[in-house]
Chemist: 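Structure provided below as structure tokens; questions to follow.
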Amino acid sequence: MTLKIISVTYHSLEIPLVTPFTTSFSTQTARKMLVVEVNAEVDGTQVTGWGECGALAEPVYSEEYNAGVLDVSETFLLPLLGAAQRDGGITAETVGKHLEPIVGHRMAKSALEMAILDAQLRAAGISFAEYLGVTRDRVPSGVSVGIQDSVPRLLDVVDGYLDEGYQRIKLKIKPGWDVDPVRAVREAHPDVALQVDANAAYTLVDAAHLTKLDAYDLLLIEQPLAEDDLRQHAELARVMRTPMCLDESVVSAASAADAISMGAAAIINIKPSRVGGYLEARRIHDVASAHGTAVWCGGMLETGIGRGANAALAGMPGFTLPGDISASSRFYAQDITTPFVLEDGFIRIPTAPGLCELPNEDTLAGFTKATRTVKVG
Ligand code: OSB
Ligand code: MG
């Protein structure tokens, strides 16, 4: 197979959210995101591949942000891929290697690898699930519930999601919004699969307070401390009974191995965008599985492009907990692909060639604020 990238177009989208989404780090009312379109030739035939970038508009979840992704991609990543394809050729599997000279910027790299992999799989006529060897046809669906104005409001929102069929509830927490909302949801729903996510809002000084959450039979607590605090997560894990799960701290298979061996993570949230792409995500799955560490698939408010790819990834055998793979309607009144829907609490894994369904051109155009095309050839 020979693959040649001709050009890459970055679509800057702004998609309104059905309700504001509040975490410990921000309130979003619209998802501003980059969708990447790679125009390539695979074995001489034109193919278009699609990817999406996990970055937000501001560097508040991780250090990446949309304008930075555009800049590093155009200035550094695409020239590296251009040079690599003049000098021996590239495949989706070697993109990560070619981009290694650039430190970090994993979401920018992930979006490119994703679109190139999509083009390659479309040309080969195989689905991402087939590529991964996934045999399941659906994955259980969980939902991430933002911070609300009041506990009664939270209980209504949770009731709504449970009525829709979601199999697991994740509550966003922060100092001042933690034990009370968790207790209220647990009392209202004694048997629901429940977990919390702090997005790095606490410090180890809060350890005694956080142990109060142990009373509510949580599946896990996700990223209570800062991204760099692996050792401190290990210390907190020793004093909490609730299993420790890392999100922000795990940026690679190497950091996953460190976290597991230090006792900083009993469970890992795998987000392909955060770790530099789906291929590194698979390596994290493999490392974690080899250690008996459970993983689940996180999300970054994906459109149908990333949601479909996440569903396929989450079909791998080590993904033993429900992911943040919700229906499109969790965030969007209108998705840019055919919407993903909940079927008895599950999301169906796509079977068509490529990573995702093609976005609808008119819908995409409706959400587009700007486009930038870079020739690679
Ligand atoms: O920490 O998992 C997180 C959304 C944006 C940034 C970080 C996170 C999240 C979510 C939503 O929790 C996950 C989703 O359903 O896409
Ligand atoms: Mg998280």
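Any value given below was found using the heavy atoms of this structure, including those in side chains, with hydrogens, waters and symmetry copies removed. Counting starts at 1 for both ligands and their atoms, in listed order. On a predicted model such as this, the values are computed, not experimentally measured, just so you know.
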Chemist: Considering the heavy atoms of F25, write down every atom of ligand 1 situated less than 4.0 Å from one of them.
Modeler: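 Every atom of ligand 1 under 4.0 Å from some heavy atom of F25: 6 (C).
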
Chemist: Decide whether a cation-pi geometry holds between R372 and Y10; the criteria are a distance under 6.0 Å from NZ or CZ to the six-membered ring centre and an angle within 45° of the ring axis.
Modeler: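 Because its charged atom misses either the 6.0 Å distance or the 45° angle limit, R372 does not stack over Y10.
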
Chemist: Do me a favour and list the nearest non-hydrogen protein atom to atom 5 (C) of ligand 1 with residue, atom name and distance?
Modeler: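 Minimum-distance protein heavy atom for atom 5 (C) of ligand 1 reads L301 CD1, 3.5 Å.
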
Chemist: Side chain, backbone, both or neither: which part of V143 comes within less than 4.0 Å of ligand 1 when only heavy atoms are counted?
Modeler: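 Answer for V143: neither.
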
Chemist: Once you restrict to heavy atoms under 4.0 Å, what part of I325 touches ligand 1? Side chain, backbone, both or neither.
Modeler: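 Neither; no heavy atom under 4.0 Å.
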
Chemist: The test is side chain to side chain contact (heavy atoms under 4.5 Å, CB included); show your working for I305 and L355 and say whether it passes.
Modeler: CA-CA 7 Å; I305 297 177; L355 288 180; over 6 Å; no

Chemist: Tell me the nearest of K271, M300, R274 to atom 3 (C) of ligand 1, using heavy-atom distances.
Modeler: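 The option holding the nearest heavy atom is K271.
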
Chemist: Please confirm whether Q223 comes under 4.0 Å of ligand 1, counting heavy atoms of the residue only.
Modeler: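 Contact check Q223 vs ligand 1: negative.
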
Chemist: For ligand 1, which atoms, with element, lie under 4.0 Å from some heavy atom of K170?
Modeler: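 Answer, ordered by atom number: 2 (O), 3 (C), 12 (O).
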
Chemist: Which atom, among the N/O/S set of E222, is closest to the Mg ion (ligand 2)?
Modeler: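 E222's closest N, O or S atom to the Mg ion (ligand 2) is named OE2.
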
Chemist: Show your working on side chain to side chain contact (heavy atoms under 4.5 Å, CB included) between V275 and S252 and close with a plain yes or no.
Modeler: CA-CA 5 Å; V275 304; S252 61; 5.9 Å; no

Chemist: If we only count N/O pairs under 3.5 Å, is N269 in contact with ligand 1?
Modeler: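 By distance alone, the answer is no.
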
Chemist: Give me the residue, atom name and distance of the protein heavy atom closest to atom 15 (O) of ligand 1.
Modeler: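 It is F331 CE1, 3.3 Å.
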
Chemist: Short list, please: which atoms of ligand 1 are under 4.0 Å from a heavy atom of S144?
Modeler: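 It comes down to these atoms of ligand 1: 10 (C), 11 (C), 12 (O).
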
Chemist: Report the atom name of the nearest N/O/S atom of D197 relative to the Mg ion (ligand 2).
Modeler: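 D197's closest N, O or S atom to the Mg ion (ligand 2) is named OD2.
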
Chemist: Counting neighbours of CG on D149 that are heavy atoms of other residues, nucleotides or ligands and sit closer than 6.0 Å, is the number greater than 12?
Modeler: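 It does not: D149 CG has 12 such atoms or fewer within range.
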
Chemist: I'd like to check L313 versus M316 (side-chain heavy atoms, cut-off strictly below 4.5 Å). Are they in contact?
Modeler: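 Counting from C-beta outward, L313 and M316 do come under 4.5 Å.
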
Chemist: Could you identify the single nearest non-hydrogen protein atom to atom 1 (O) of ligand 1 and state the distance to 0.1 Å?
Modeler: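 Ranking protein heavy atoms by distance from atom 1 (O) of ligand 1, first comes N199 ND2, 2.7 Å.
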
Chemist: Which N, O or S atom name in D247 marks its closest approach to the Mg ion (ligand 2)?
Modeler: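 Going by distance to the Mg ion (ligand 2), the closest N, O or S atom in D247 is OD2.
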
Chemist: Quick one: does D247 get an N or O within less than 3.5 Å of an N or O on ligand 1?
Modeler: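 N/O-N/O distance under 3.5 Å: yes.
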
Chemist: At the 4.0 Å heavy-atom cut-off, does R330 count as touching ligand 1?
Modeler: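 It does not; every heavy atom stays at 4.0 Å or beyond.
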
Chemist: Among all protein heavy atoms, pick out the one at the shortest distance from atom 13 (C) of ligand 1; state its residue, atom name and that distance to 0.1 Å.
Modeler: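 Going by distance alone, atom 13 (C) of ligand 1 is nearest to G299 O, 3.4 Å.
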
Chemist: Under 4.5 Å between any side-chain heavy atoms of I5 and E41, yes or no?
Modeler: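 Sidechains of E41 and I5: no contact.
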
Chemist: Going by distance alone, is a donor N or O of one side chain under 3.5 Å from an acceptor N or O of the other, for T242 and D214?
Modeler: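 Short answer, yes.
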
Chemist: Do F21 and T27 make a side-chain contact, defined as non-hydrogen atoms from C-beta onward lying under 4.5 Å apart?
Modeler: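 SC-SC contact between F21 and T27 ruled out.
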
Chemist: Using only heavy-atom distances, determine whether the side chains of T48 and N39 contain a donor-acceptor pair under 3.5 Å.
Modeler: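 The criterion, which ignores hydrogens and geometry beyond distance, is satisfied for N39 and T48.
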
Chemist: Could you check whether any side-chain heavy atom of I173 comes within less than 4.5 Å of a side-chain heavy atom of Y202, counting everything from C-beta outward?
Modeler: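 The answer is yes, as the side chains (C-beta and beyond) meet within the 4.5 Å cut-off.
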
Chemist: Identify the two heavy atoms, one from A311 and one from P350, that lie closest to each other, and give their separation to 0.1 Å.
Modeler: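 Nearest heavy atoms, A311 then P350: CB-CD, 4.3 Å.
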
Chemist: Quick one: does E248 get an N or O within less than 3.5 Å of an N or O on ligand 1?
Modeler: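 For ligand 1, there is no N or O atom that lies under 3.5 Å from one belonging to E248.
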
Chemist: Does K172 have a non-hydrogen atom less than 4.0 Å from ligand 1?
Modeler: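 Distance cut 4.0 Å: K172 passes for ligand 1.
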
Chemist: Using the ring centroid of each side chain, check whether H11 and W50 are separated by less than 6.0 Å.
Modeler: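 Yes; W50 has its ring centre under 6.0 Å from that of H11.
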
